[in-house]
Amino acid sequence: MQAFWRDAVEFLPILMSGVALTIIVTIGSLLLSTTLGLVWALMRVSGIGVFAGFSAGLINVIRGIPIIVLLFYLYFVMPELGLTLTALQAAILGLGIAYSAYQAENFRAGIEAIDKGQIEAAQAIGMGWWQTMRRVVLPQAVRIVLPPYGNIMIMMLKDSSQASTITVAELALQGKLIASSTFKNTSVFTLVALMYLTMSIPLILLVRHFEKRAGQK
Amino acid sequence: MIELTNVHKSFGKVEVLKGITASVEKGEVVCIIGPSGSGKSTILRCINGLESYDSGDILVEGARVDRHAASIIAIRTQVSMVFQRFNLFPHRTALENVIEGPVYVKREPHAQAVERGHDLLAQVGLAEKADAYPPQLSGGQQQRVAIARALAMQPKAILFDEPTSALDPELVGDVLSVMRKLADDGMTMVVVTHEMGFARDVADRVLFIDGGVIVEQGAAKSVLNQPQHARTQDFLRRVLHPL
């Protein structure tokens, strides 16, 4: 145990630089996936065949490709097509695109759960499609969407470790590097696991808060 | 002011409107009665374009109703609607529900809309409920807020789609008296209802619809007191003497 604490003090500063990158990747891809997911979801419920079809097809393509392959594609294949991304850019873009499919399905479920009478009432006072979404549907859908959204945030935090496969020195990769140079596997990976857990706890509490609030209505 | 000419409408293979021709004059109160599934609500929903129709014409103040045309917005701001299930926005207070259309559709100044909103809530007897959210209100109160919301658009006509059918019996009177006051003030109203007393006392004309056609129409008292058609007689007997 004493050895563990000694290792912890020694490795923590290096691991913290990994935590910083983990947080950057998570927040970046969270913002991107939320934006894209909302766009896909709105296209899907737009009632315009071309948009809905495009969105449905795209979501299935994204869902059908492993995140790691998507990352490899962005980082290793795109340069051959003339688009060179840094490892961090590729990681945020890849995770953002991958998760946009799940975000979209979550948002769509929330939008479709809103009573049709709400949409009719909005139309009856002369609101157009976009205004109906913005003023009536989305504010109500948020309540429904938030608990699963919190879960997606936790999953993204953990899946940000996949960025290590394209050389982003986030927490998991930092841990691996330290472990392979010191052979202190137990200390290092215990620390890494605890640090992921520590970052998840506020998110877990947030989800619980969302669920409680959604349950009140 | 509202004119329907030979309107046909099908849901899939079921034809619900089989050539409806009718008109509503300015200031008139027209009640539409008939058995459920006869197409009463569909007529209302076609008038403000919530539903499309297959053939025929519906004109509101001379403008043809087409739910896919941009002009539908203008028609909807002139013809308000009150729904059976109220359909208030649950995430907004009573006052916010009332000013939503004026502020966000008609771009009325906020302060002016709020002032008018308070007046309208007072008019329907809910001045003190301005800050209440719909789930905190009874059904009758919600429906009166919905009427205030419809009035806030300063419409030329209001469509009522079974406004009291979802209410507990003791709450029906409050809503009907608000509607009666509107009628007395000269509002043009088309009311789908099962309240025969309201139809008899308030309506100028009654249309009896069955199977997607207008079976009988005329002055409210004559249709309700001396129905000519056998189907009208049968329907009224069932409604007025259910036992």
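The sequence lines fix the lettering, A, B, ..., with proteins before strands; numbering per chain opens at 1.
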Are A:Lys212 and A:Phe210 in a cation-pi contact, defined as NZ or CZ under 6.0 Å from the six-membered ring centre and within 45° of the axis? no
If contact means a heavy atom pair closer than 4.5 Å, which residues of residues 86-119 of chain A contact chain B? A:Asp115, A:Gly117, A:Gln118
Heavy-atom cut-off 4.5 Å, strictly under: side chain, backbone, both or neither for B:Leu159 against chain A? neither
Contact class of A:Gln131 relative to chain B, heavy atoms under 4.5 angstrom: side chain
Considering all heavy atoms, the nearest B:Leu59-B:Arg64 contact: CD2-CA, 3.5 Å
Ionic contact status for B:Arg67 with B:Glu51, cut-off 4.0 Å: no
Any chance the side chains of A:Tyr149 and A:Thr34 put a donor and an acceptor closer than 3.5 Å? yes
Most heavy-atom pairs under 4.5 angstrom with chain A, which of B:Arg92, B:Gln78, B:Met81? B:Arg92
Tell me which of these, B:Leu50, B:Val82, B:Thr77, B:Ile72, has more heavy-atom pairs under 4.5 Å with chain A than the rest. B:Leu50
For chain A, find which of B:Gln84, B:Lys106, B:Arg45 contributes the most heavy-atom pairs closer than 4.5 angstrom. B:Arg45
Are more than 12 heavy atoms from other residues, nucleotides or ligands located less than 6.0 Å from atom CZ of A:Phe76? yes
Region of B:Phe83 that comes under 4.5 Å of a non-hydrogen atom in chain A: side chain
Can you confirm whether the side chains of A:Glu170 and A:Ser160 place a donor and an acceptor under 3.5 Å from each other? no
Can the positive tip of B:Arg149 be found less than 6.0 Å from the middle of the six-membered ring of B:Phe86, inside 45° of the ring normal? no
Side chain, backbone, both or neither of B:Val79 within contact of chain A (heavy atoms, under 4.5 Å): backbone
Criterion side chain to side chain contact (heavy atoms under 4.5 Å, CB included) on B:Lys40 and B:Leu44, from CA distance to verdict: CA-CA 7 Å; B:Lys40 309 181 297 281; B:Leu44 282 197; over 6 Å; no
Should the heavy atoms of other residues, nucleotides or ligands under 6.0 Å from CZ of A:Phe51 be counted, would the total exceed 12? no
